[in-house]
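Just so you know, residue 1 is the first one in the sequence shown, and it goes up from there.
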Amino acid sequence: MTSCKIISGTYFDEDNGEYQSYGITVENGGEKIVVEDITVDHAKIEDLAGRIEKYGLSLCHVEEYIYDWLCEVY
């Protein structure tokens with residue numbers, strides 16, 4: 001079973017300065033992947049986490065799915 005948790009952190013970039021962004025941790029079969037700084041929109045990260053759990057993605061597909069999701073929503 002795939003479980004997904006939302007994480008947050010403070011980041012910095014030269015154009016925008018300091019900002020808060022959200023990422024996720026995904027666990028499946030005793031393995032875990034962490035992807036930070038995905039979006040600054042909490043509602044969007046909730047949508048992403050829900051989709052990953054709904055589809056039960058294996059860890060080898062998570063990063064590619066996040067890329068496709070980012071292309072879809074932005």
message: Tell me if a side-chain donor or acceptor on N28 pairs with a main-chain N or O of L57 at a distance below 3.5 Å.
response: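 At least one qualifying donor-acceptor pair exists.
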Gap between atom [atom2] of [Y] and atom [atom1] of [X] - 0.5 Å precision:
| X | Y | atom1 | atom2 | answer |
| --- | --- | --- | --- | --- |
| K54 | C4 | NZ | SG | 14.5 Å |
| S21 | H42 | OG | NE2 | 11.0 Å |
| L70 | L48 | CG | CG | 7.5 Å |
| Y67 | E72 | OH | CD | 13.0 Å |
| K44 | D47 | NZ | CG | 9.5 Å |
| I33 | T25 | CD1 | OG1 | 10.5 Å |

message: How close do F12 and Y19 get, counting heavy atoms only, and between which atoms?
response: N-CE2, 4.0 Å
message: Testing the basics here: between E18 and T10, what is the closest heavy-atom pair and its distance to 0.1 Å?
response: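 Heavy-atom minimum between the residues: CG-CG2, 3.2 Å.
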- prompt: So which residues get pulled into I7's cluster when ILVMFWY side chains under 4.5 Å apart are joined, directly or through others?
  reply: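 Hydrophobic cluster check, I7: joined to V34.
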- request: Would you check, one step at a time, whether the test side-chain contact (heavy atoms from CB on, under 4.5 Å) holds for Y65 with R51?
  value: CA-CA 10 Å; Y65 185 82; R51 289 182 185 201; 3.2 Å; yes
Would you check if [X] and [Y] make a side-chain contact, meaning some heavy-atom pair closer than 4.5 Å?
| X | Y | result |
| --- | --- | --- |
| I52 | W69 | no |
| E36 | Y22 | no |
| V40 | Y11 | no |
| T2 | V62 | no |

field: No-hydrogen, no-angle side-chain donor-acceptor test under 3.5 Å, Y74 and T39
entry: yes
field: Other residues, nucleotides, ligands: >12 heavy atoms within 6.0 Å of Q20 CD
entry: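 Result for CD/Q20: enclosed.
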task: Considering only NZ, NE, NH1 and NH2 on the basic side and carboxylate oxygens on the acidic side, decide whether E53 and K5 come within less than 4.0 Å.
output: no
